[in-house]
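Step one of this worksheet: look at the structure below.
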There are 2 protein chains.
Amino acid sequence: MHQPLQMISADRAIGVPARARETLFMEGEPCRSVLELRRGLVRAVKFSSEGERQVMALFFPGDVLGLPLAQEHRFTAEAVSDVLYARQSSLEWQTGLSVCNSPGVDSPLRAIWQEEKAFMDRGLILGRGGIMARLAAFLGYVVRRLPIQNEVYDFSLPQGDIASYLATSPETVCRLMRQLRERKIIAMARKDKLEILDAQWLDRLAAGESV
Amino acid sequence: MHQPLQMISADRAIGVPARARETLFMEGEPCRSVLELRRGLVRAVKFSSEGERQVMALFFPGDVLGLPLAQEHRFTAEAVSDVLYARQSSLEWQTGLSVCNSPGVDSPLRAIWQEEKAFMDRGLILGRGGIMARLAAFLGYVVRRLPIQNEVYDFSLPQGDIASYLATSPETVCRLMRQLRERKIIAMARKDKLEILDAQWLDRLAAGESV
DNA sequence: CGATGAATTGAGAAGCGTCAAAGTACGTGG
DNA sequence: CCACGTACTTTGACGCTTCTCAATTCATCG
């Protein structure tokens, strides 16, 4: 199932590869290393006490995840698509904390904030009334973080994950996406290609206007 | 409106008082001090880009909030009830970071994680289907963090705040709370006193069983 | 070329939001 | 001490949104 990675050293620059749906680290596991995502999407997953699975956050190229704020990882990280990432030892990272009391903070604190923000962003999105508002806000959010290639975004994110992230059902996600397509607000030439045709309209939907 | 606080020094031990609904710090304001809550409840509020208000997290006695992960505060902190808190200079706190690379981590990192967790907990609650599940999970959560006095919790939290936290309407919160009272799952002798009569049942509701 | 998981679509029912109005608690000022 | 204003809670009625279930089509991979 999960193809074993060959742990070639000296890929600090290039990055370690992982296949779609592979688990990068698991909740509860001791924090051994910090990951910096280079390519692809990673989802943070948590299981509520009753065992229900939830996508709590998404991480994009450039993001750092798995910071050792506690002894153990606070969530499970899974590759959504095929990814490339770099690893750093947690201890190494922690020693980096000592050197950051300079006023120009571009330090580990920034990384912590960036990781935390991913979770807070979901809260902000889930707080909206109406699933269309959530979806529109979500698309706006994702698009701001996704690498763009001539107007088209690489959107290889299963609708099941979107549904879980938005706390709704896959069917609803599908129907609302179709609406957005029919109204020419977005376009999807392929299932994994996203284009925003009318960003303003999307914003208005995110604001809760039914239009 | 906001009674000016007299900034008596040497209340590091006792704590500074603030009245209900007072703003402790505002989003965007530069991080000057870190707060440690001693008594009462504080809510973290954010305004979505369209100006809609959201309660993103709650802080309980013992919690630390306002950590300078960035230059500016990432949310607005408001006293829900009358509160007592201690202040520490942000710079002082930051220098504390340097001294924490020991393995026994009971350091600033723990405080960061605790603050972040408040936001993540909301995400976990909002992820559930059915508002009753959310409310039940919320009550279970709150109760685990609230100081108890012989079986009865001090629950001075307006339903409007609960509604905002749960991303629902105040009316729905009211109706569901009444259901819980009628089913003898909770009891509220007064509006600000909460008692859990059947914790197991509450858990089942939180798990999504309609029962 | 089948097999597996994801996306799609429809129909029906229930949950929940909205609007409107009245009731309650609490602090403030006369 | 009472009257009033403000903020919060409660309740009802109505209708849309969204979930659930089920069936079909579509993609991807072996």
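Chain naming here is simple, since letters A, B, ... match the order of the sequence lines and numbering starts at 1 in each. Keep in mind it's a predicted model, so treat the numbers as computed, not measured. As a basis for the values below, the full set of heavy atoms in this structure was taken, side chains included, without hydrogen atoms, waters or symmetry mates.
As a whole-Å value, the separation of B:Asp82 CG from C:dC26 P is 13 Å. At whole-Å resolution of the value, CG in B:Asp192 and P in C:dA25 are 12 Å apart. Atom-to-atom, NZ of A:Lys191 to P of C:dA6 comes out at 10 Å; the value is rounded to the nearest Å.
Within the structure, every pair that satisfies the salt bridge (Lys or Arg N to Asp or Glu O under 4.0 Å) test and touches residues 124-147 of chain B, not counting sequence neighbours, is listed here: A:Glu50-B:Arg128, B:Asp63-B:Arg145.
For A:Gln114, the CD atom is densely surrounded, since the number of other residues' heavy atoms within 6.0 Å is greater than 12. Crowding of A:Glu182 atom CD: a count of heavy atoms from other residues, nucleotides or ligands under 6.0 Å exceeding 12.
Note that CG of B:Asp121 and CD of B:Glu116 are 10.5 Å apart. Values are rounded to the nearest 0.5 Å. Here CG of B:Asp82 is found 11.5 Å from CZ of B:Arg39. Values are rounded to the nearest 0.5 Å. Separation of atoms CD (A:Glu151) and NZ (A:Lys193) is listed at 14.0 Å; rounding is to 0.5 Å. In this structure, OG1 on B:Thr172 lies 6.5 Å from CD1 on B:Ile131, to the nearest 0.5 angstrom. Put simply, CZ on B:Phe75 and CE on B:Met26 are 13.0 Å apart, with the number rounded to the nearest 0.5 Å. Atom CZ of B:Arg204 and atom CD of B:Glu209 lie 6.0 Å apart (nearest 0.5 Å).
Closest non-hydrogen pair, A:Leu126 versus B:Ala167, comes out as O-CB, 3.6 Å.
Across its full length, the helix from C:dC1-D:dG30 to C:dG30-D:dC1 shows an angle of 50° between the axes of its 5 terminal pairs at either end, rounded to 10 degrees.
Partner of B:Lys46 under the side-chain hydrogen bond (donor to acceptor under 3.5 Å, both in side chains) criterion, out of B:Glu52, B:Gln54, B:Glu27: B:Glu27 alone.
Residues satisfying the side chain to side chain donor-acceptor pair (under 3.5 Å) criterion with B:Glu78, sequence neighbours excluded, are B:Arg43, B:Arg53.
Taking the six-membered ring where the residue is Trp, A:Phe59 and A:Phe119 present perpendicular rings, their angle passing 60° and hence far from 30°.
DNA chain D is contacted by A:Thr168, A:Ser169, A:Glu171, A:Thr172, A:Arg175 of residues 166-182 of chain A, taking any non-hydrogen atom closer than 4.0 Å. Of the residues in residues 126-136 of chain A, those lying under 4.0 Å from DNA chain D by heavy-atom distance are A:Gly130, A:Ile131.
Contacts between chain A and DNA chain D, taken as any atom within less than 4.0 angstrom of a protein heavy atom, begin and end at D:dT18 to D:dA27.
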